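Source: prediction; values computed, not measured. Each chain gets a letter, A, B and so on, in the order its sequence line appears, and its residues count up from 1.
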Amino acid sequence: MNRSSFSISGEEFARLADYIYRRTGIFYDENKRYYVEKRVFDRMKATGHEKFRDYFLYLRCDASGQEFQRLVNALTVNETYFFREYDQLKCFAEEALPEMLKGGCGRERPLRVWSAGCSTGEEAYTLAIILLEMLDSDGFGFEVHATDINDEVLQQAEKGVYEQRSVREVPSVYLEKYFVPVYGKYCLKPVVKEKVRFYQVNLLDRAQMQKMRGFDAIFCRNVLIYFDDRARREVALSFYESLRPGGFIFLGHSESMSRIAPIFRVRKFKNAIIYQK
Amino acid sequence: MEELSRLIELLNSEDEMERLHAAEELGDHTSSEAILSLVSCLEKDESRVVQEACVASLCRIGTEEVAEEVAKLLRSSDPYVRNAASEVLQLLGDRARHVVELLLRDPDPDVRTLAVRVVGEGQFSNASALLRSVVLNDPDANVVASAVEYLGEIGGSSEDRDALHEVRARFSDPFLEYAVETALRKMGE
């Protein structure tokens, strides 16, 4: 079997796309067929399957769920960058944040935001930049907590040094204000770095998760797609306990908390749909 | 043992957070008392978050006894409880196989339909064989239609196709006929 001769029929693609959608909430339409096909081909090769039908059966009936996880990992590009999913960030800044501040946080106590599964830190620093812009001059206090299971990415995040690719969506005014260009890279200024606390947390470790309390908002975007159904449900419950009453949870735009655990209220804002305790 | 009794007691607390923590911690126990308490709490508690914690804990315990007790909730009048029970069985997969085989022969067609969904959506290594058996033997057209739909998705062997062709002879139901056509098309016929 070689890549050039491999293709999935329309029916087969529809079956696969439907199955992936039901399990993860991620929908791949016909336009993504080539993209999906390439990754399926790689997984078929890795698992020694010649025919798509055989591979699909293996995928569906693998009781451990490991192959499904590997396919999802291959399909979900683990790329992160500053100001990713801008509409959601706009919703956080312009719609959710004013509600949180009305509740007294920021003045009586610092606003606490958690970037869960922060990888190399782009999301956490983006949140710090937004909060500096929205709150700092008004004397509001805030903390950004950023966690990941992978200590190597955390070390990288703490450095706060990024390639041009990571900052491509940063508005030029912020790029100038919060970054210093050094030999083709972009270094964050201390004013941003000192607002973010990085540390290691495994979202499935209940003892660690019990320490994560009192957050006003949690960002966990494109992280839960890597978990199986049972783990997703456990993490959703832990997030519920980590949030203050009325706290918000932001998932990736293709993810749905209602499909994971029906314990949060769905809030339809102008810029995005988010979940609230 | 004292700890287990304390947690079971806390499931009746008036404080939702206390019940939530108790439900979560009971997931670390595998005794019958823990399982029965969690199943009862899932069925009766009025807090959705506590019910969800029961579901998560039952999945974590994940024994055959969990499957047996949870299966009883498929008869609940509360759709959330029925769906939650169905999800636990799906997640248990082969560990719930024996229970699911019994459910597929239940006298109540609604329970059989839910059991078909458990097989179709869950992770069962013999899913095709279980669905084929429903297609070939179940007397209810709706239950069979549901199995046909899932077989179209999961199946593909010559036995699966033969079963789909045979079902046409057993029923003359336009909806079922449509389901069979669709399933065979999905199998590439």
Got more than 12 heavy atoms from elsewhere within 6.0 Å of NE2, B:His165? yes
To the closest 0.5 Å, what do you measure between CD (A:Glu234) and OG (B:Ser57)? 6.5 Å
When rounded to the nearest 0.5 angstrom, what distance separates CZ in A:Phe264 from CD in B:Glu52? 10.0 Å
Can you tell me which portion of A:Asp18 sits under 4.5 Å from chain B's heavy atoms? Options are side chain, backbone, both or neither. side chain
If you measure from CZ on A:Arg206 to CG on B:Asp28, what distance do you get to the nearest 0.5 Å? 4.0 Å
Exam field: side chain A:Arg60 to backbone B:Gln123, donor-acceptor pair closer than 3.5 Å: no
Does any backbone or side-chain atom of B:Gln90 lie under 4.5 Å from a heavy atom of chain A? Answer side chain, backbone, both or neither. neither
Highest number of heavy-atom pairs under 4.5 Å with chain B among A:Ala14, A:Pro262, A:Ala236 belongs to A:Pro262
CZ of B:Arg60 to CZ of A:Arg230: how many Å apart, nearest 0.5 Å? 7.0 Å
Of the listed residues (B:Glu24, B:His21, B:Gln51), which shares the most heavy-atom pairs with chain A below a 4.5 Å separation? B:Glu24
Which atoms of B:Ser47 come close to chain A, meaning under 4.5 Å heavy atom to heavy atom: side chain ones, backbone ones, both, or neither? neither
Do side-chain atoms of A:Arg15 reach the backbone of B:Glu153 as a donor and acceptor pair under 3.5 angstrom? yes
Atom of A:Leu237, atom of B:Leu20 and distance for their closest heavy-atom approach: CD2-CD1, 4.1 Å
Criterion side-chain contact (heavy atoms from CB on, under 4.5 Å) on B:Asn126 and A:Cys61, from CA distance to verdict: CA-CA 8 Å; B:Asn126 64 337; A:Cys61 299; over 6 Å; no
Let me know if B:Leu91 has heavy atoms under 4.5 Å from chain A in its side chain, its backbone, both or neither. side chain
Using the rule given for side-chain contact (heavy atoms from CB on, under 4.5 Å), can you reason through B:Met187 versus A:Glu11, listing the C-alpha separation, both sets of side-chain angles and the distance that settles it, and then say yes or no? CA-CA 9 Å; B:Met187 289 179 181; A:Glu11 283 287 351; over 6 Å; no
Using non-hydrogen atoms and a 4.5 Å limit, figure out which bit of A:Arg53 sits close to chain B: side chain, backbone, both or neither. side chain
For A:Glu12 and B:Lys186, what are the C-alpha separation, side-chain angles and deciding distance, and is it a side-chain contact (heavy atoms from CB on, under 4.5 Å)? CA-CA 7 Å; A:Glu12 288 171 336; B:Lys186 281 183 177 173; over 6 Å; no
Is it the case that over 12 heavy atoms from other parts of the model lie below 6.0 angstrom from the OH atom of B:Tyr80? yes
